[in-house]
Amino acid sequence: MSADVINKAFLATEEDFLALVRKKWLNDPHMASVGSCCLVGIVCSGMLYIANAGDSRVVLGRLDNTYKEVKAVPLSSEHNASVESVREELRSLHPNDPQIVVLKHTVWRVKGIIQISRSIGDAYLKSAEFNRDPLLPKFRVPEPFDKPILSAEPETLVQKLDPEDQFLIFASDGLWEHLSSQEAVNIVNTCPRNGIARKLVKAALRVASKKREMRYSDLKKIDRGVRRHFHDDITVIVLFLDFHLISQSYWQGPLVSIRGGVGVSGHGIC
């Protein structure tokens, strides 16, 4: 296991998906506009590997022994054009394109179209061969381009896990639009583990309903497709850490993955 291995896995996934888009181009061109953020966490031999492409976020809940509190430690950064450093990165990568980031309706977007700067898929912003008919005009970039506008390469963090590390929260931007990292950590730390991912989703939806001055129960009745106008997609995974277990060099127990969340069409985490 290494950061290089994870990076190669991201790029291999990207290549395979673009090959699928190419294969289905004439009969199913809309696949060229399909994409997803990707957030990966791996625990191996006491080490934590985090890889992120897009605007999802992973937060570590770490016990502060001095104050006896569990504090939020962000382990990833969002690749979103609303972040100044992301805009600067895009401009440095595309120095000859003054329209690489555009402020549109008070929101910074890459080419005036999309907010994220990294993703899996979004072939129409990766290769000029998909920036044409029969893809719908609303997805096309007016200016020709000879290098990918978006990147599938993840930003990777590697660190040793400590006994104070309690849990990890992986979530798409829909959660973080309504809850701060510390608010999410407080909920996980003070509530029963069973169903905790769903509880985080519910907490975010309650905040979203208050912002719209409506009841939570009324928001839940809205069709998921229409609800995209009220809140972004929300996907949440919570991983509790057992330091004694993860510090061992191997694990012979069952491999279990538990996921909870509410999906709405759009960019999420895969």
Side-chain angles (χ1 to χ4, degrees), residues 3 6-7 10-11 13-14 35-42 48-62 71-94 100-122 125-126 148-159 167-185 187-188 197 200-201 203-204 207-208 211 228 231-239 261-270:
I6 298 171
N7 188 73
F10 268 70
L11 298 182
T13 303
E14 168 84 345
S36 177
C37 300
C38 192
L39 177 60
V40 171
I42 299 171
L48 174 65
Y49 299 80
I50 297 293
N52 182 46
D55 57 1
S56 297
R57 183 192 308 172
V58 57
V59 174
L60 170 67
R62 175 178 288 164
K71 294 188 176 180
V73 182
L75 299 182
S76 63
S77 56
E78 284 95 281
H79 306 125
N80 189 304
S82 64
V83 181
E84 185 177 357
S85 61
V86 172
R87 298 197 298 274
E88 291 175 354
E89 179 184 55
L90 286 165
R91 288 171 181 141
S92 67
L93 292 172
H94 305 271
I100 188 63
V101 284
V102 177
L103 187 62
K104 191 173 183 180
H105 305 303
T106 72
V107 177
W108 285 101
R109 295 182 182 274
V110 181
K111 300 300 292 182
I113 300 173
I114 194 169
Q115 286 187 268
I116 59 171
S117 63
R118 305 192 196 194
S119 72
I120 300 292
D122 294 309
L125 293 172
K126 303 285 183 60
I149 295 171
L150 303 187
S151 170
E153 187 171 351
E155 192 170 1
T156 308
L157 174 143
V158 181
Q159 68 180 40
F167 52 81
L168 295 161
I169 304 172
F170 298 82
S172 61
D173 62 321
L175 182 82
W176 307 116
E177 285 178 4
H178 303 298
L179 296 179
S180 70
S181 295
Q182 189 60 54
E183 286 173 334
V185 163
I187 291 171
V188 175
L200 284 172
V201 173
V207 175
K211 289 179 180 178
R228 185 59 187 267
H231 66 84
D232 207 344
D233 61 292
I234 304 175
T235 304
V236 179
I237 300 170
V238 179
L239 176 67
V262 174
V264 182
S265 60
H267 280 74
I269 56 178
C270 65

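Since this is a predicted model, take the numbers as computed values, not measurements.
- Nearest approach of Gln115 to Trp108, heavy atoms of both residues: CG-O, 3.7 Å.
- Atom NZ in Lys104 sits 7.5 Å away from atom CD1 in Ile113 (nearest 0.5 Å).
- The two residues Ile234 and Gly174 have their closest heavy-atom pair at CG1-C, 3.7 Å.
- Closest of all the heavy-atom pairs between Val59 and Ala72 is CG1-CB, 3.7 Å.
- In terms of modelled atom types and a separation under 3.5 Å, the side chain of Ser172 and the main chain of Thr235 share a donor-acceptor contact.
- Here Lys71 pairs with Asp64 under the salt bridge (charged side-chain N to carboxylate O under 4.0 Å, His left out) rule; sequence neighbours left out.
- Partners of Glu155 according to the salt bridge (charged side-chain N to carboxylate O under 4.0 Å, His left out) rule, which considers only residues two or more places apart in sequence or in another chain, do not exist here.
- Taking the side chain as every heavy atom from C-beta outward, Lys111 and His94 never approach each other to under 4.5 Å.
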- Task: Report the C-alpha separation of Leu179 and Ile187 in whole Å, then their side-chain angles, then the decisive distance to 0.1 Å, and conclude whether the side chain to side chain contact (heavy atoms under 4.5 Å, CB included) test is met.
- Result: CA-CA 10 Å; Leu179 296 179; Ile187 291 171; 4.3 Å; yes

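- Remark: Ser119 OG to Ile114 CD1 distance equals 6.0 Å, nearest 0.5 Å.
- Residues passing the salt bridge (charged side-chain N to carboxylate O under 4.0 Å, His left out) test with Arg62 are Asp165, sequence neighbours excluded.
- Contact detail for Cys37 and Gly54: the closest heavy-atom pair is SG-CA, 3.7 Å.
- Summarising the geometry, atom CG belonging to Leu60 is positioned 11.5 Å from atom OG belonging to Ser76; distances are rounded to the nearest 0.5 Å.
- In this structure, the side-chain hydrogen bond (donor to acceptor under 3.5 Å, both in side chains) partners of Asn80, at least two apart in sequence or on a different chain, are Asp55, Ser82.
- Proximity of a side-chain donor or acceptor of Arg109 to a complementary backbone N or O of Ala81 within less than 3.5 Å is not detected.
- Within the 4.5 Å cutoff, side-chain heavy atoms of Val40 are placed close to those of Phe10.
- The minimum heavy-atom distance linking Lys126 with Ala152 is given by the pair NZ-CB, 4.2 Å.
- You'll find the side chain of Phe167 reaches within 4.5 Å of the side chain of Val185, heavy atoms only.
- Between atom CG of residue Asn52 and atom CG of residue Leu39 there is a gap of 5.0 Å, rounded to the nearest 0.5 Å.
- With rounding to the nearest 0.5 Å, the separation of OH in Tyr49 from CG in Leu157 is 11.0 Å.
- Scanning for side-chain hydrogen bond (donor to acceptor under 3.5 Å, both in side chains) contacts around Glu88 gives an empty result, with sequence neighbours left out.
- The one candidate from Ile50, Val158, Ile42 that meets the side-chain contact (heavy atoms from CB on, under 4.5 Å) condition with Ile6 is Ile42.
- Every residue two or more places apart in sequence or in another chain that forms a side-chain hydrogen bond (donor to acceptor under 3.5 Å, both in side chains) with Glu78 is listed here: Arg57.
- With hydrogens and angles ignored, the 3.5 Å screen pairs a side-chain donor or acceptor of Trp176 with a backbone N or O of Ala171.
- Using a 4.5 Å cut-off on side-chain heavy atoms (C-beta onward), Leu75 and Gln159 make contact.
- Between Leu125 atom CG and Leu150 atom CG the span is 4.5 Å, to the nearest 0.5 Å.
- Scanning all heavy atoms of the two residues, the minimum distance from Leu175 to Ala204 falls at CD1-CB, 3.7 Å.
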- Query: Stepwise, does the side chain to side chain contact (heavy atoms under 4.5 Å, CB included) test hold for Leu200 with Val188?
  - Reply: CA-CA 8 Å; Leu200 284 172; Val188 175; 3.8 Å; yes

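- Under the 4.5 Å side-chain criterion, counting only non-hydrogen atoms from C-beta, Ile120 is in contact with Glu14.
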